[in-house]
Asker: 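Here it is, the structure, as structure tokens.
Residue numbers count from 1 along this sequence. Atom set for the values below is all heavy atoms of this structure, side chains included, hydrogens, waters and symmetry mates excluded.
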Amino acid sequence: MKLRIFGAAGEVTGSNFMIETSGYKVLVDCGTHQGTDEEKHEGEQFPYSPAEVDAVLLTHAHIDHSGRIPLLVKQGFKGKIYCTHATSQLIEVLLRDSAHIMKEDAEWRSRKNARRGLPKVEPLYGEQDVEDALTFRSPIPYDEVVPVLPGLKVRYREAGHILGSAIIEAWISEEGADKEVKVVFSGDLGPMDGVIEKPPAVVEEADFVLIESTYGDRLHKSLEDTRAEFQEAMEAAIRTGGKVLIPTFVVDRAQRMLYEFKLLQKKLPDLKMPDIYLDSPMGVKTTEIYSSHAPLLSRDLKKLLMNNEDPFEPNGFSFVRSADESRAINAMEDGIVLAGSGMCSGGRIMHHLKHSLYKKDTHVFFVGYQAYGTLGRRLVDGAKNVRIAGEEISVAAQFHTLNGFSAHADRDDLLQWAANFPKKAQFIIIHGEPKSSQSLALGLADAGYATLIPAIGDEVELTQRAALSPSAPSKITMPVISQRILDRIEFNSKDIETALNLISARTAQMQQLLIKNESQYRDVMPLLISARTLLEAAAAISENKGAETEK
């Protein structure tokens, strides 16, 4: 029995894992890559035969977890796709939209290629492939143990990330064998103080745990601080009189922001807020799905719905469905516009940015994760000029990054959820940029857990106990990093000396900065703790080697 890593290792997107035994092959998620991950993996084929896959266990509907399922079906998959009932509805919306975007992108690239004498570009899959894939959906309820195949049973638990998101508990055995191994897949975990959804379910037993690490190296602001920051920034934006643009994921983040606007209007009834637009036909359908699943929503939202008050409909709000309605917004002097995509990698937000980024009175609110290589990440990182739809745009807008609205758990939330497992549980750190995964692994190691940060293509044997046990030459528990990653590191004594000098100089600078700005401690402390642990581990190794040399 083994677990094979095919995506979301050393990267945030492209979630794809395989449980393989002598009797079956089952995928957990089958997602697309985004940002620089998309460029890195462009044109890659599945590293397995889709026709040989017996089932798919889907954690939630986001495209980086579900987006390649239609391609899997197109290439021969004919098994069941297990997911929650809400996820079953949401992927119908998201996958159809994905096929539409792929078609438009392929047509645009084909026209461009034709002018250069290059061949036509075909989309990865089409609308019919999506319809075919949807026939294989097999919705299951939360909290019930469901047999999938001989030697495999699963239970879906609430993950608190988006509507229908799930932690998957999987009991795995070779067919006919008595011994089981329990593997838990966290999927994407939501924060412990969930606002739209309930918090993640507590799971207390596992042999192996695959845990996401999107924000494994940082803390979100508290809900109270986030709302105060949102209020201050929104009041400032409204005073300038220009547009407010909010690139938003239409699943969860759009609904969250509509709810926050409703709360802000109740708190500040005299605030003259401009009209609010959700510019997304897909957002209309998604919001309707959210409203139809009241039992899965948080206590506060359920109260509003029971009082016949729509939590997703602030004053002055309207859906924008047609392209003409969307374009008409560009002629307006003010307005609050929520539109996809959340990372500014496509969708209607692009033409709103094109018509407003160059204006000083435009305010852009980033309320979700921005992957490396996306336009959103470039804007967050301070780009002064960007290219949109073939046109160079000067950036003069004001930007606000509000990570406190994230649907992902932060470092403390992840460690709190992980602490429910016994120390025998072995953690496999996935779904994070390298520094985030490393930081979370160090936190787990400090708590006494064995950890592994895998690379794509790695395999983990599920039959060996203590398979991930660290082998550090000191009492400090260090995370195991994939040998394929370690093999790319060149060791040079001059480099070590230079690195230590840089660390010393940077530490001196930070001491002065942090004394003057103590308010940053929540963001900085997790990183400093990780850095301290790494330095202590490096010192221990050095001392050990020095003692051996003296002998």
Asker: Would you check if the side chain of Thr248 reaches a backbone N or O of Leu338 as a donor-acceptor pair within less than 3.5 Å?
Answerer: no
Asker: Begin with the C-alpha distance, continue with both residues' side-chain angles, and end with the deciding distance and a verdict on side-chain contact (heavy atoms from CB on, under 4.5 Å) for Tyr369 and Tyr215.
Answerer: CA-CA 9 Å; Tyr369 184 80; Tyr215 286 106; 3.5 Å; yes
Asker: Would you name the heavy atoms of Leu58 and Ser66 that are closest together and state the gap between them?
Answerer: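 Heavy-atom minimum between the residues: CD1-CB, 3.8 Å.
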Asker: Test your reading of the model: is there a side-chain donor-acceptor pair from Thr32 to the backbone of Ile63, 3.5 Å cut-off?
Answerer: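 Yes.
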Asker: Counting only N and O atoms by type, is there a donor-acceptor contact under 3.5 Å from the side chain of Lys262 to the main-chain atoms of Asp310?
Answerer: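 Judged by distance alone, yes, a pair lies under 3.5 Å.
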Asker: Just so I know, are the side chains of Val364 and Leu379 near enough to count as touching, which here means a heavy-atom distance under 4.5 Å?
Answerer: no
Asker: About how many Å separate OG1 of Thr214 and CZ of Arg218, when rounded to the nearest 0.5 Å?
Answerer: 9.0 Å
Asker: Can you tell me how far apart CG (Asp334) and OG1 (Thr362) are? Round to the nearest 0.5 Å.
Answerer: 11.0 Å
Asker: Under 6.0 Å from the NZ atom of Lys120, do we count more than 12 heavy atoms belonging to anything else shown?
Answerer: no
Asker: What's the spacing between Asp64 CG and Ser15 OG if we round to 0.5 Å?
Answerer: 7.0 Å
Asker: Tell me, please, which residues at least two apart from Gln75 pass side-chain hydrogen bond (donor to acceptor under 3.5 Å, both in side chains).
Answerer: none
Asker: Take atom NZ in Lys74; do more than 12 heavy atoms of anything else shown fall under 6.0 Å from it?
Answerer: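 Yes, because the 6.0 Å sphere around NZ of Lys74 holds more than 12 heavy atoms from other groups.
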Asker: I'd like to know if the side chain of Asp361 and the backbone of Gly241 have a donor-acceptor N/O pair within less than 3.5 Å.
Answerer: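 No, because the side chain of Asp361 does not come within donor-acceptor range (under 3.5 Å) of the backbone of Gly241.
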Asker: Taking all heavy atoms of Phe366 and all of Cys344, pick out the closest pair and write down the distance.
Answerer: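 Closest pair (atom of Phe366, atom of Cys344, distance): CE2-SG, 3.9 Å.
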Asker: Side chains of Glu104 and His100: is there a donor and an acceptor less than 3.5 Å apart?
Answerer: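 There is such a pair between these side chains.
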Asker: Applying side-chain hydrogen bond (donor to acceptor under 3.5 Å, both in side chains), name anything that partners Tyr142, two or more places apart in sequence or on another chain.
Answerer: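 Tyr142: no side-chain hydrogen bond (donor to acceptor under 3.5 Å, both in side chains) contacts found.
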Asker: Side-chain contact, heavy-atom cut-off 4.5 Å: Val130 with Tyr125?
Answerer: yes
Asker: Tell me whether His220 contacts the main-chain N or O of His408 through its side chain, where contact means a donor paired with an acceptor under 3.5 Å.
Answerer: yes
Asker: For a 4.5 angstrom cut-off between non-hydrogen side-chain atoms, does Asp105 reach Pro123?
Answerer: no
Asker: Name all residues meeting the side chain to side chain contact (heavy atoms under 4.5 Å, CB included) criterion together with Leu223; count only those two or more places apart in sequence or in a different chain, and write none if there are none.
Answerer: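 Scan of Leu223 (side chain to side chain contact (heavy atoms under 4.5 Å, CB included), adjacent residues dropped) gives Asp193, Val195, Arg227, Arg256.
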Asker: With no hydrogens and no angle check, do the side chains of Ser222 and Glu224 hold a donor and an acceptor under 3.5 Å apart?
Answerer: no
Asker: Indicate the atoms forming the closest heavy-atom contact of Pro247 with Val367, along with that distance.
Answerer: O-CG2, 4.1 Å
Asker: Taking only residues two or more places apart in sequence, or in another chain, which ones meet Ser326 in a side chain to side chain contact (heavy atoms under 4.5 Å, CB included)?
Answerer: Asp279, Val320, Arg348, His351, His352
Asker: Can you confirm whether Leu353 sits close enough to Ile393 that some side-chain heavy atom of one is under 4.5 Å from a side-chain heavy atom of the other?
Answerer: no
Asker: Would you confirm whether Gln370, through its side chain, and Gly342, through its main-chain N or O, come within 3.5 Å as a donor-acceptor pair?
Answerer: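 A pair under 3.5 Å: yes.
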Asker: Kindly state each residue pair satisfying side chain to side chain donor-acceptor pair (under 3.5 Å) with at least one member in residues 384-394, sequence neighbours excluded.
Answerer: Lys354-Glu391, Arg387-Glu392
Asker: Could you report the tightest heavy-atom contact between Ala159 and Pro200, atom names first, then the distance?
Answerer: O-CG, 3.3 Å
Asker: Examine distances only and state if a side-chain atom of Lys285 and a backbone atom of Glu92 form a donor-acceptor pair shorter than 3.5 Å.
Answerer: no
Asker: Strictly distance-based, threshold 3.5 Å: is any side-chain N or O of Gln265 a donor or acceptor partner for the main-chain N or O of Pro314?
Answerer: no
Asker: Which residues pass the side-chain hydrogen bond (donor to acceptor under 3.5 Å, both in side chains) test with Ser437, not counting sequence neighbours?
Answerer: Ser213
Asker: Tell me every residue that passes side chain to side chain contact (heavy atoms under 4.5 Å, CB included) with Ser322, counting only those two or more places apart in sequence or in another chain.
Answerer: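 So Ser322 forms a side chain to side chain contact (heavy atoms under 4.5 Å, CB included) with Asp324, Glu325.
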Asker: Distance check, rounded to the nearest 0.5 Å: Cys30 atom SG versus Ile81 atom CD1?
Answerer: 9.0 Å
Asker: Scan residues 239-286 for pairs that pass ring pair (Phe, Tyr, Trp, His ring centres under 6.0 Å), counting only residues two or more places apart or in two chains.
Answerer: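 Checked against ring pair (Phe, Tyr, Trp, His ring centres under 6.0 Å) - neighbours excluded - the pairs reaching residues 239-286 are Phe230-Phe261.
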Asker: Quick one, Val251 and Leu163 - any side-chain contact, counting heavy atoms below 4.5 Å?
Answerer: no
Asker: I'd like to check the side chain to side chain contact (heavy atoms under 4.5 Å, CB included) partners of Leu268; sequence neighbours left out, ordered by chain and number.
Answerer: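 Partners of Leu268 by the side chain to side chain contact (heavy atoms under 4.5 Å, CB included) criterion, ordered by chain and then number, come out as Gln231, Glu235, Leu264, Leu271.
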Asker: Go through it in stages, so that I can follow the logic: the residues are Arg96 and Glu131, the test is side-chain contact (heavy atoms from CB on, under 4.5 Å), and I'd like the CA-CA distance, side-chain angles, deciding distance and then a yes or no.
Answerer: CA-CA 8 Å; Arg96 283 174 177 163; Glu131 299 308 314; 2.8 Å; yes
Asker: Nearest 0.5 angstrom please: Leu301 CG to Leu296 CG, how far?
Answerer: 12.0 Å
Asker: Test: ring pair (Phe, Tyr, Trp, His ring centres under 6.0 Å). Region: residues 278-332. Which pairs qualify, not counting sequence neighbours?
Answerer: Phe317-Phe319
Asker: Do His33 and Glu44 have side-chain N/O donor and acceptor atoms under 3.5 Å apart?
Answerer: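 There is no such pair (donor and acceptor under 3.5 Å, judged by atom type) between the side chains of His33 and Glu44.
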Asker: According to the interplanar angle, ranging from 0 to 90°, do the rings of His65 and His431 count as parallel (below 30°), tilted (30 to 60°) or perpendicular (above 60°)?
Answerer: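 Aromatic pair His65/His431 classed parallel.
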Asker: Kindly indicate whether the side chain of Ile329, heavy atoms from C-beta on, has any atom under 4.5 Å from the side chain of Lys243.
Answerer: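 Side-chain contact under 4.5 Å: yes.
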Asker: In sequence, state the C-alpha distance, the side-chain angles, and the governing distance for Ile196 and Leu297, and then conclude on side-chain contact (heavy atoms from CB on, under 4.5 Å).
Answerer: CA-CA 6 Å; Ile196 301 294; Leu297 301 179; 4.2 Å; yes
Asker: Over all heavy atoms of both residues, which pair between Phe405 and Arg253 is shortest? Give the atoms and the distance, please.
Answerer: O-NE, 3.5 Å
Asker: So Leu305 and Pro311, do their side chains get closer than 4.5 Å, heavy atoms only?
Answerer: yes
Asker: Between the side chain of Gln255 and the main-chain N/O of Val250, is any donor-acceptor distance below 3.5 Å?
Answerer: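 Yes, Gln255 side chain to Val250 backbone: donor-acceptor pair under 3.5 Å.
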Asker: How about Lys302: does its NZ atom have over 12 heavy atoms from other parts shown lying under 6.0 Å from it?
Answerer: yes
Asker: Could you list the residues that satisfy ring pair (Phe, Tyr, Trp, His ring centres under 6.0 Å) with His363, not counting sequence neighbours?
Answerer: His400
Asker: Could you tell me if the side chain of Leu415 sits less than 4.5 Å from the side chain of Leu440, heavy atoms only?
Answerer: yes
Asker: So, Asp29 side chain and Thr59 main chain: donor-acceptor pair closer than 3.5 Å or not?
Answerer: yes
Asker: How would you list, by chain and number, every residue that makes a side-chain hydrogen bond (donor to acceptor under 3.5 Å, both in side chains) with Lys266, sequence neighbours excluded?
Answerer: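 Expected list: Glu309.
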Asker: Heavy atoms only: give me the nearest Val121-Arg109 pair and the separation to one decimal.
Answerer: CG2-CB, 3.9 Å
Asker: Could you measure the distance from the CZ atom of Arg157 to the OG1 atom of Thr84? Nearest 0.5 Å is fine.
Answerer: 14.0 Å
Asker: Does the side-chain contact (heavy atoms from CB on, under 4.5 Å) test come out yes or no for Leu90 and Thr286, once each step is laid out?
Answerer: CA-CA 7 Å; Leu90 289 172; Thr286 300; 3.9 Å; yes
